[in-house]
Every structure is written in structure tokens, then in C-alpha cells.
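To start, the structure under review is shown below, and the notes come after it.
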Protein chains: 2
Amino acid sequence: MKDNNDMPGHLARRFQQIAVAVFLAEVEDAGFDLTPVQYAALATIKANPGLDQVTLAGLIAYDRTTITGVIDRLVQKGLAERRPSSRDRRARELEITGEGRRTLRKITPAVESAQRIMLRGLSAKEGEELMRLLRKAIAAGNELSRAPLRDAQV
Amino acid sequence: MKDNNDMPGHLARRFQQIAVAVFLAEVEDAGFDLTPVQYAALATIKANPGLDQVTLAGLIAYDRTTITGVIDRLVQKGLAERRPSSRDRRARELEITGEGRRTLRKITPAVESAQRIMLRGLSAKEGEELMRLLRKAIAAGNELSRAPLRDAQV
DNA sequence: TGATATTGCTCAGTATGCTGACTATCAGTA
DNA sequence: TACTGATAGTCAGCATACTGAGCAATATCA
């Protein structure tokens with residue numbers, strides 16, 4: 001019988017578990033209350049002003065039913081706004097608020113620190129190699145989840 | 001501004017997302033209804049008959065509040081049993097049932113297939129290297145999550 | 001022994017993620 | 001233009017994960 005440590009699925013779960021814990025701890029130490037998921041969504045809204053929810057979901061590989069709640073919480077915290085689209089009455093356009101911008105700016109050091117901490121057992125070269133291999137495995141498996149990564153349709 | 005693809009945290013989330021989707025798809029194709037988390041718990045109960053919930057949680061790095069629901073579902077499916085411990089009246093002893101054994105045995109090919117599929121973008125050597133680096137990063141970060149990996153106290 | 005600390009487990013509440021279903025709207029075509 | 005299929009978003013329901021609180025039982029130590 002294979003050990004858990006030989007199962008990439010188990011290692012994936014465990015690494016993700018640690019990554020989230022480190023992120024939340026660093027962000028809280030910096031005085032903010034933002035999850036990794038909320039951070040990625042907010043940063044993507046800032047980089048793509050006016051995008052709709054499906055496009056946002058595709059850019060960060062979230063499920064469309066998950067993004068609704070994430071945006072709800074960003075809006076509730078005053079970090080983002082949801083407006084009806086003028087071009088498509090089904091869609092909602094997303095914008096970052098001034099408060100959202102300030103939060104992103106101030107939170108960046110904590111986010112970068114978290115990324116370092118979650119790789120602290122590895123040398124710089126090993127960290128790069130881990131990211132390369134993850135990117136490669138993810139690219140090959142992109143279509144296997146319900147929420148694949150998608151380019152923005154511009 | 002760093003890209004998501006340079007964030008180990010984002011890559012961790014994405015790889016885990018694909019790993020779970022692949023696992024569930026393979027297991028369902030094989031005619032079973034078991035999540036990765038439930039599988040790991042059941043396999044660990046089989047390997048450590050009579051263990052209590054805290055020990056089980058430590059062996060697979062689950063939170064103690066998460067394990068309760070997982071076991072509930074294993075018991076409800078008739079794959080495991082929860083009995084009061086004779087040595088410690090606070091604790092519950094866990095046992096796998098015959099049905100649980102049969103399920104584990106029949107599900108193994110699907111589980112192994114899933115592990116291969118989630119690494120299908122990598123060569124065998126790269127897959128080994130990815131697992132090595134994940135193990136190393138996880139070992140260094142073990143204490144950073146609320147649910148660290150623990151050895152069984154035998 | 002008696003007080004205190006610790007441990008095993010559960011529960012309520014919150015946040016992802018997913019399945020599947022539904023409404024409203026849009027786009028393509030006969 | 002009317003029909004058909006696809007798309008944007010939401011909702012209900014389920015399964016992890018976590019925080020924090022609480023209960024019962026055990027362990028420790030003055």
C-alpha cells in the first residue's frame with residue numbers, strides 16, 4: 001500500500017493547507033482581514049477594471065458559483081463595487097474602490113512575505129523549480145476541473 | 001505587480017483543485033462515491049485499527065473539527081464504525097467494516113490512476129521531483145497550519 | 001486529595017469549492 | 001421575426017477547512 005507521502009493528491013492538499021494558513025497569518029499580522037481567494041479576486045479586478053464575473057472567474061480559475069460569494073464579501077467590506085453592465089443586462093461590471101486600492105497597496109508586503117514563508121524549506125533554486133513543475137502540471141490538467149483558467153476575451 | 005503564476009500560494013490552490021477533480025472523476029468512473037478526504041481517512045483507519053479521532057486527524061493532518069464530519073459520512077455509508085473507547089471515556093475508537101475493506105480494495109486502481117493523471121504533464125522524473133519538493137516544503141511548514149501532521153503515539 | 005491544566009470530542013459560524021437547477025438575457029439562424 | 005441554443009448570474013445543497021467556545025473526562029501536581 002502506497003504511503004500518503006507518495007500521493008501527489010495528498011501532498012497537494014497539505015501544501016495548500018499550509019499556504020492558506022501562512023497567508024492568513026501574515027495578512028492578519030499586517031492588520032487586515034482578507035483571504036487568499038479574496039485577495040486574488042481583488043487584485044484581478046484592479047488589473048481589469050469593469051470586467052464581468054465570468055471573466056474574473058476564468059482569470060483566477062474560480063467556479064462561477066463560488067465567485068458570487070467572494071464578490072459579495074468584497075462589496076460588503078467596501079473594497080469592490082458591482083454594477084449592472086450597460087452592454088449586457090445579464091452581466092455585472094466589477095470595479096475596485098479607493099478603499100480597495102489602499103488595502104491592496106498596504107497588504108502587498110504581507111502577501112509577498114507569505115509566499116516566501118510557504119517556501120522556506122526550499123532553496124531559491126528549489127522554489128523556482130517547484131513553481132515550474134506546478135505550472136507545468138497545472139497547464140496539462142487545466143481542463144480537468146470545472147473551473148479552468150481562461151484568458152480574458154478582449 | 002507579480003502575476004498569479006509567480007505565487008506559490010495560487011499554484012498550490014490550483015493544483016489541489018485539479019487533483020480533487022481528477023480523483024472524484026476517476027472514483028466515480030469506477031462506480032464509487034468517496035472523496036479524497038474520506039479515502040485517506042478510511043485507508044488510515046484500516047492501517048491503524050482502533051485508533052481514536054485525534055490520532056487519525058494527526059496522521060493525515062486534518063483539523064479535529066473537520067474529522068468529525070468525515071467520520072460521520074464514513075459511518076453513514078457503512079464503511080467505518082465509531083465505538084466508545086474502553087480505556088478513555090472521552091475517546092472514540094474507529095474500525096473499518098467489511099464493506100469498507102471491500103471498497104478500499106476495489107477503489108485502489110482508480111485512486112492510483114488519479115495520481116498518474118494529475119501528473120500527466122510531467123515526465124516520471126519531474127513527477128518524482130515535484131513530490132520531493134512538496135514533501136520538503138510541507139515538512140518545513142508543518143507547524144504553520146492548525147492541523148499539523150503527527151505521528152501515532154504507540 | 002483537591003485544584004488546575006490538558007485532552008477528546010462536538011457544535012455554531014464562516015469561507016471556499018463543487019453539482020445541478022433555474023431565470024433572464026443574448027446570439028445565431030431558419 | 002420566431003425559435004433555439006448558449007451565456008451571466010443566482011440559489012440550494014453538500015463537503016471540506018478553519019475559529020472559537022464548550023462539555024466531559026483524564027492527567028498532573030501542589
Side-chain angles (χ1 to χ4, degrees), chain A residues 9-10 12-14 16-25 28 33-41 51-58 60-74 76-77 82-94 144-148 150 153, chain B residues 9-10 12-14 16-25 28 33-41 51-58 60-74 76-77 82-94 144-148 150 153:
Chain A
H10 181 81
R13 177 190 156 281
R14 188 79 185 98
Q16 150 80 353
Q17 180 183 43
I18 291 169
V20 171
V22 168
F23 186 101
L24 291 175
E28 190 188 344
D33 170 33
L34 208 65
T35 67
V37 161
Q38 289 164 16
Y39 170 81
L51 84 175
D52 64 288
Q53 296 188 190
V54 166
T55 303
L56 171 59
I60 46 186
Y62 292 5
D63 193 272
R64 70 183 190 285
T65 63
T66 300
I67 208 78
T68 300
V70 174
I71 297 171
D72 282 350
R73 287 179 279 279
L74 288 177
Q76 216 249 310
K77 289 176 181 175
R82 178 153 46 185
R83 292 194 308 253
S85 164
S86 49
R87 294 170 318 227
D88 185 338
R89 275 186 297 166
R90 292 169 303 180
R92 317 297 191 85
E93 286 176 1
L94 305 173
L144 301 179
S145 78
R146 167 160 142 163
R150 297 279 180 231
Q153 304 297 330
Chain B
H10 181 80
R13 177 190 156 281
R14 188 80 185 98
Q16 150 79 353
Q17 181 183 42
I18 292 168
V20 171
V22 168
F23 185 101
L24 291 176
E28 189 187 346
D33 169 33
L34 208 64
T35 67
V37 160
Q38 289 164 17
Y39 170 80
L51 84 175
D52 64 287
Q53 296 188 190
V54 167
T55 303
L56 170 59
I60 47 187
Y62 293 5
D63 193 90
R64 70 183 189 284
T65 63
T66 300
I67 208 79
T68 300
V70 174
I71 297 170
D72 282 349
R73 287 178 281 278
L74 288 177
Q76 216 250 309
K77 290 176 181 175
R82 178 153 45 186
R83 292 195 306 252
S85 164
S86 49
R87 294 171 318 227
D88 185 336
R89 276 185 295 167
R90 291 170 303 182
R92 317 298 190 86
E93 285 176 2
L94 304 173
L144 301 178
S145 78
R146 167 161 142 163
R150 299 277 181 233
Q153 304 298 328

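Quick caveat, the model's predicted, so the values are computed rather than measured. A note on names: the letters A, B, ... follow the listed sequences, proteins ahead of strands, and every chain is numbered from 1.
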Using the rule given for side-chain contact (heavy atoms from CB on, under 4.5 Å), can you reason through A:Arg83 versus A:Leu94, listing the C-alpha separation, both sets of side-chain angles and the distance that settles it, and then say yes or no?
CA-CA 6 Å; A:Arg83 292 194 308 253; A:Leu94 305 173; over 6 Å; no
Check: C:dT7 base within 3.5 Å donor-acceptor of B:Arg90 side chain:
yes
Sugar-phosphate only, base, or nothing, as touched by B:Ala21 at under 4.0 Å among non-hydrogen atoms
nothing
Whole-Å gap separating P (D:dA8) and CG (A:Leu51):
12 Å
So, is A:Arg146 near the phosphate of C:dT19, with a side-chain N or O under 4.0 Å from OP1 or OP2?
yes
Whole-Å distance, B:Arg14 CZ to C:dG17 C1', equals 12 Å
When the nearest nucleotide of DNA chain D is assigned to A:Ala91 and to B:Arg89 on a heavy-atom basis, which residue is associated with the more 5' position?
A:Ala91
Would you say B:Arg87 places a side-chain N or O within less than 4.0 Å of OP1 or OP2 belonging to D:dT26?
no
Between C:dT10 (P) and B:Asp72 (CG): distance, integer Å
7 Å
5'-most contact on DNA chain D: B:Ser145 or A:Arg82, nearest heavy atom basis?
A:Arg82
Check whether any side-chain N or O of A:Arg73 sits under 4.0 Å from OP1 or OP2 of C:dT14, and answer yes or no.
no
Verdict with reasoning, B:Ile60 to B:Ile67, per side-chain contact (heavy atoms from CB on, under 4.5 Å)
CA-CA 10 Å; B:Ile60 47 187; B:Ile67 208 79; 4.3 Å; yes
Do B:Asp88 and B:Ser85 have side-chain atoms, one donor and one acceptor, less than 3.5 Å apart?
no
Roughly, in whole Å, what's the span from CD1 in B:Ile71 to P in C:dC11?
13 Å
Using a heavy-atom cut-off of 4.0 Å across all strands, would you classify B:Gln16 as base, sugar-phosphate, or nothing?
sugar-phosphate
Counting any heavy atom closer than 4.0 Å, what does B:Asp88 reach on the DNA or RNA strands: base, sugar-phosphate only, or nothing?
sugar-phosphate
Would you say A:Gln38 places a side-chain N or O within less than 4.0 Å of OP1 or OP2 belonging to C:dT16?
yes
Using the side-chain heavy atoms of B:Arg64, tell me which of these nucleotides is nearest: D:dC18, C:dG8, C:dT10.
C:dT10
Would you please confirm or rule out a distance under 4.0 Å between OP1 or OP2 of D:dT10 and any side-chain N or O of A:Gln53?
yes
Would you classify B:Asp52 as touching base, sugar-phosphate or nothing, given that sugar-phosphate means primed atoms plus P, OP1 and OP2, and contacts are heavy atoms under 4.0 Å?
sugar-phosphate
Donor-acceptor side-chain pairing of A:Gln17 and A:Arg14 below 3.5 angstrom:
yes
Rounded interatomic separation in angstrom, taking CG from B:Asp63 and P from C:dC9:
13 Å
Across the strands shown, which category fits B:Thr35 at heavy-atom distances under 4.0 angstrom: base, sugar-phosphate, nothing?
sugar-phosphate
Spacing between B:Leu144 atom CG and D:dA17 atom P, to the nearest angstrom:
17 Å
Rounded to whole Å, please give me the gap between CD in B:Glu93 and P in C:dG8.
13 Å
Pairing donors with acceptors under 3.5 angstrom, does anything connect the side chains of B:Gln53 and B:Arg82?
yes
Contact class for A:Ser85 (heavy atom, under 4.0 Å): base, sugar-phosphate, or nothing?
nothing
For a quick check of understanding: with a heavy-atom distance under 4.0 Å over all strands, which category does B:Val20 fall into, base, sugar-phosphate or nothing?
nothing
Rounded interatomic separation in angstrom, taking CG from A:Leu24 and C1' from D:dA17:
11 Å
Respond yes when some side-chain nitrogen or oxygen of A:Thr68 is under 4.0 Å from OP1 or OP2 of D:dT10, and no when none is.
yes
Please say whether more than 12 non-hydrogen atoms of neighbouring residues, nucleotides or ligands are located less than 6.0 Å from CG in B:Asp72.
yes
